[in-house]
Amino acid sequence: MATLQQLLHDRLAAAFASVAGEPVDPSLRRSQHADFQADAALGLARRLRGNPRQIAADVVGRTRWDDLCAAVEVSGPGFINLTLADDALGALLGAANADDRLGVPLAAEPETVVVDYSAPNVAKEMHVGHLRSTVIGDSVVRLLEWLGHRVIRANHLGDWGTPFGMLIEHLLDLGGAEAAHELSLGDLNTFYQAARAKFDSDEDFKTRARNRVVALQGGDEQTVRLWRLLVQESEKYFLSVYDRLDVRLTGADFFGESAYNDMLPQVLAELDRLGLLRESDGARVVFPAGFTNREGEPLPLIVRKRDGGFGYPATDLAAIRHRLHTLHATRLLYVVGLPQRQHFEMVYEVAREAGWLRPPARAEHVGFGSVLGPDGKVFRTRAGATVKLIDLVDEAVARAAALIEEKNPDLDATERAELARTVGIGAVKYADLSNDRTRDYVFDWDRMLSLEGNTAPYLQYARARIESIFRRGATAPDRSRRTVTVAAPAEHALALHLLAFPEIVAETAESLDLHQLTGYLFRLATLFTSFYEQCPVLRAEDDVRASRLVLCDLTARTLARGLDLLGIGAPRRM
RNA sequence: GCGCCCGUAGCUCAGCGGAUAGAGCAGGGGACUUCUAAUCCCAAGGCCGCAGGUUCGAAUCCUGCCGGGCGCACCA
């Protein structure tokens, strides 16, 4: 099923090609002066040594338009303005109505995509820093899965490294039962900080911790058992947070750093065999091309530390190799904060130099900025501590509950509680996703939970109002209806926007800029409410009523689908 | 010092080669006996950090400044 934009594009491209004698990108875009505009005549004018207006006129005259457009005019210095015919919009809406996927095609060539995201650390609390990675990663996963790709969720759990010496010793000090209790309560900060404090102040403890790391790395049975306990309890806790956040990560998605331990020596050996490995200050490193340090000298990626241990660069190399060679992924996504950009660029470069990362496979750092508090600094509690992710979720739900109580006291307690969850969590996720990923954003409860403006509740409310129309009319959506009458300006504008959904989804899947999708949905909701104010649905008659019901249904489905791709629920009543 | 990101309306942000730069919030003015007013409509609000350059055309691309954030070998 061709999209509206494709139909226009193809026809314009053919007309331009026949005028220019070569392929031309018609440069088609939405316009303020008409529904669409094509700007290619301006750029073509010099090459053809012609007048841009004349070229545009030739293009327009070269093909028929009346089946798609109500008006096609040359305007200004040579823009081609296209106004869609209501009949054409109606027919396309009819096709979308009959399609479960709202006109969005499955990927022609499904890929295997690994999405690396969330990545909390064992025995450490999840905090706002994990919010963006988790929320953005979850949306990326939903989007790519819906498009038919094979998506592997890789939760790169921090479950290995030197801190485990002190954590295990602290666990022993506490006793297994008490430790498990503390951890299962999600009181990870207390646990970690207590261990840290002893490590810093108690020489004896420090020595035990160091020995314990050696025992762990050596595979000492008792130590490994204790380590597993820590990992298991933490995973349980993380899963409860994911559940509260309504995120799709499961226990099967934990791919901890330790999972790559056995591969590290192989990675080292292979890099050596490929001649990429260098000895530097006792460490075994690779110098990827194009990176320099403070002094302008080549910057190394340390594969094996001077002390013989492997650090996170080694793990990342093992992971990228595994994802390419064993999982056969062609798209590797790393949803990790922007400060780690250079590190990942270095890992990718090494992977390219080693011949592991080759087209069509590519790796993308899906970087993101920080969450800031009202003061413009990194978001913290008033006391200056990092904000626990679970506390954030709880507060969002509590605030949403208060709001719902105030706005709609008629709902019964059960529905209200469920709604508070959907609205509260949706607000937090949407506030995150609606900002440009690469920029910092200011966390503001009042704004994200407002029913006005570009917020989740506003979109959810639009959806709920539509459902209310069907309830009030005691009628169900007619998905078999293939023709829709479009007449009023508000209907025309809404129709045009509904038909742009496939393009937006495709662009978002490519750029992974989720705010493109949120912007689209917000615009859809405003166009709908405008239509809602101007065009009575249930009181209209026959064909108009039926057509408007299809517009309502398509809008509701698009909103619900779009929100679902963002990991946000769309209640039928609120 | 080098590298990456960012300076757009009072505030929070879109736009990243095309016509008069758009939203939302806040502030101003209107609209509810009518499908959820948790809404809508109207008006107002801008040396797009500064200076050059490329282009038929620059907020958008290039260069240089100014201002802010982050990163730059054995913590992840």
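Quick note on labels: first sequence line is chain A, next is B, and so on, each numbered from 1.
Projected onto RNA chain B by closest heavy-atom contact, A:Leu451 and A:Gln342 fall at different nucleotides, the more 5' of which corresponds to A:Leu451. Both A:Leu44 and A:Pro298 lie near RNA chain B, and the one whose nearest nucleotide falls closer to the 5' end is A:Leu44.
Side-chain atoms of A:Tyr532 lie closest to B:C35 of the nucleotides B:C6, B:C35, B:A23. Distances were taken from every side-chain heavy atom of A:Ala464 (C-beta onward) to each of B:A73, B:U36, B:A76; the shortest belongs to B:U36. Comparing B:U36, B:U12, B:C56 by their closest approach to the side chain of A:Arg573 singles out B:U36. Closest approach to the A:Ser31 side chain among B:C35, B:U12, B:A19 is made by B:A19 (side chain taken as heavy atoms from C-beta onward). Out of B:C25, B:A76, B:C74, the shortest distance to the side chain of A:Glu452 is found at B:C25. Side-chain atoms of A:Thr292 lie closest to B:C2 of the nucleotides B:C2, B:A19, B:C72. Distance from the side chain of A:Glu257 is smallest for B:A76 among the nucleotides B:A76, B:C72, B:A19. Side chain of A:Val537, nearest nucleotide from B:C35, B:C4, B:A76: B:C35. Counting only heavy atoms from C-beta on, A:Ser468 has its side chain closest to B:C35 among B:C56, B:C35, B:A73. Closest approach to the A:Tyr441 side chain among B:C74, B:C13, B:C40 is made by B:C13 (side chain taken as heavy atoms from C-beta onward).
Between the side chains of A:Ser434 and A:Asn454, no donor N or O sits under 3.5 Å from an acceptor N or O. With no hydrogens or angles considered, a side-chain donor-acceptor pair links A:Gln516 and A:Ser511 at under 3.5 Å. Using modelled atom types and a 3.5 Å distance limit, the side chains of A:Ser530 and A:Gln534 yield a donor-acceptor pair. Side-chain contact annotation: A:Ser258 with A:Asp159, donor-acceptor N/O pair under 3.5 Å present. Looking at A:Ser27 and A:Arg29, their side chains do bring a donor and an acceptor atom within 3.5 Å of each other.
With both pairing distances under 3.5 Å, B:C48 is matched to nothing as a Watson-Crick or G-U wobble pair. Pair assignment for B:G71 gives B:C2, based on Watson-Crick or G-U wobble hydrogen-bonding distances that are each under 3.5 Å. Nucleotide B:G22 forms a pair with B:C13, judged by Watson-Crick or G-U wobble geometry with both contacts under 3.5 Å. Across all strands shown, B:C66 is found opposite B:G7 as a Watson-Crick or G-U wobble partner, with both distances under 3.5 Å. Base-pair partner of B:U39: B:A31 (Watson-Crick or G-U wobble, both distances under 3.5 Å).
Within 4.0 Å of A:Gly43, counting heavy atoms only, lies at least one base atom of the nucleic acid. Across all strands shown, A:Pro339 has heavy atoms under 4.0 Å from sugar-phosphate atoms exclusively, and none from any base. Within 4.0 Å (heavy atoms only), A:Asn454 reaches sugar-phosphate atoms of the nucleic acid but no base atom. If you check every strand for non-hydrogen atoms under 4.0 Å, A:Thr315 touches nothing. Nucleic acid contact for A:Asp410: none, since no nucleic acid atom lies under 4.0 Å from a heavy atom of the residue. A:Arg539 comes within contact range of at least one nucleobase, with a heavy-atom separation under 4.0 Å. Using a 4.0 Å heavy-atom distance criterion, A:Leu338 is classed as making no nucleic acid contact. Residue A:Thr162 is out of contact with every strand shown, counting any heavy-atom pair closer than 4.0 Å.
B:C32 has its base syn relative to the sugar, with a glycosidic angle deviating from 0 by at most 90°.
The distance between atom CG of A:Asn261 and atom P of B:A76, rounded to the nearest whole Å, is 12 Å. Nucleotide B:A23 holds its C1' atom 13 Å from the NE2 atom of A:His497, rounded to whole Å. What separates CG of A:Leu42 from P of B:C56 is a distance of 12 Å, to the nearest Å. A:Arg447 has its CZ atom 14 Å from the P atom of B:G24, to the nearest Å. Between A:Phe443 atom CZ and B:U12 atom C1' the separation is 15 Å, expressed in whole Å. Atom CG of A:Asp444 and atom C1' of B:C13 are 13 Å apart (whole Å). Going from atom CG of A:Asn293 over to atom P of B:G71 covers 16 Å, rounded to whole Å. A straight line from NE2 of A:His33 to P of B:U20 spans 7 Å, rounded to a whole angstrom.
With hydrogens and angles ignored, no donor-acceptor pair under 3.5 angstrom links the side chain of A:Asp316 to the base of B:A76. Residue side chain A:Thr526 does not reach the base of B:A23 through any donor-acceptor N/O pair under 3.5 Å, judged by distance alone. Donor-acceptor pairing under 3.5 Å, judged by distance alone, is absent between the side chain of A:Ser450 and the base of B:A38. A donor and an acceptor atom sit less than 3.5 Å apart, one in the side chain of A:Tyr312 and one in the base of B:A76. Between the base of B:A19 and the side chain of A:Gln37 there is a donor-acceptor pair shorter than 3.5 Å.
One finds no side-chain N or O of A:Gln32 lying less than 4.0 angstrom from the OP1 or OP2 phosphate oxygen of B:A19. For A:Arg439, a side-chain nitrogen or oxygen approaches OP1 or OP2 of B:A14 to under 4.0 Å. The phosphate of B:C41 (OP1 or OP2) has a side-chain N or O of A:Ser530 nearer than 4.0 angstrom. Using a 4.0 Å cut-off, some side-chain N or O of A:His515 falls inside it from OP1 or OP2 of B:G15. Taking 4.0 angstrom as the limit, A:Tyr458 places a side-chain polar atom (N or O) nearer than this to OP1 or OP2 of B:C40. For B:C40, one of the phosphate oxygens OP1 or OP2 lies less than 4.0 angstrom from a side-chain nitrogen or oxygen of A:Thr529. Phosphate contact (OP1/OP2 of B:A37, side-chain N/O of A:Lys407, threshold under 4.0 Å): absent. OP1 and OP2 of B:C5 both lie 4.0 Å or more from every side-chain N or O belonging to A:Arg341. Checking the phosphate oxygens (OP1, OP2) of B:U39, no side-chain nitrogen or oxygen of A:Arg465 falls inside 4.0 Å.
The only option from A:Tyr260, A:Tyr312, A:Phe255, A:Phe344 that meets the ring-ring contact (aromatic ring centres under 6.0 Å, His included) definition with A:His156 turns out to be A:Tyr260.
At a threshold of 4.0 Å, the pair A:Asp272-A:Arg284 counts as salt-bridged, since one of the basic side-chain nitrogens sits closer than that to a carboxylate oxygen. Classification of A:Arg573 and A:Glu415 as a salt-bridged pair holds, one side-chain N sitting under 4.0 Å from a carboxylate O.
Residue A:Phe79 and nucleotide B:A19 are classified as a stacked aromatic pair, their ring centres being separated by less than 5.5 Å at an interplanar angle below 30°.
The cationic atom of A:Arg30 (NZ for Lys, CZ for Arg) lies less than 6.0 Å from the six-membered ring centre of A:Phe36 and within 45° of the ring axis.
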Salt bridge (Lys or Arg N to Asp or Glu O under 4.0 Å), that's the test. Do A:Asp478 and A:Arg481 meet it? Break it down for me. CA-CA 6 Å; A:Asp478 177 8; A:Arg481 190 174 179 87; 5.1 Å; no
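Between B:G18 and B:G1, the two C1' atoms lie 40 Å apart (nearest whole Å).
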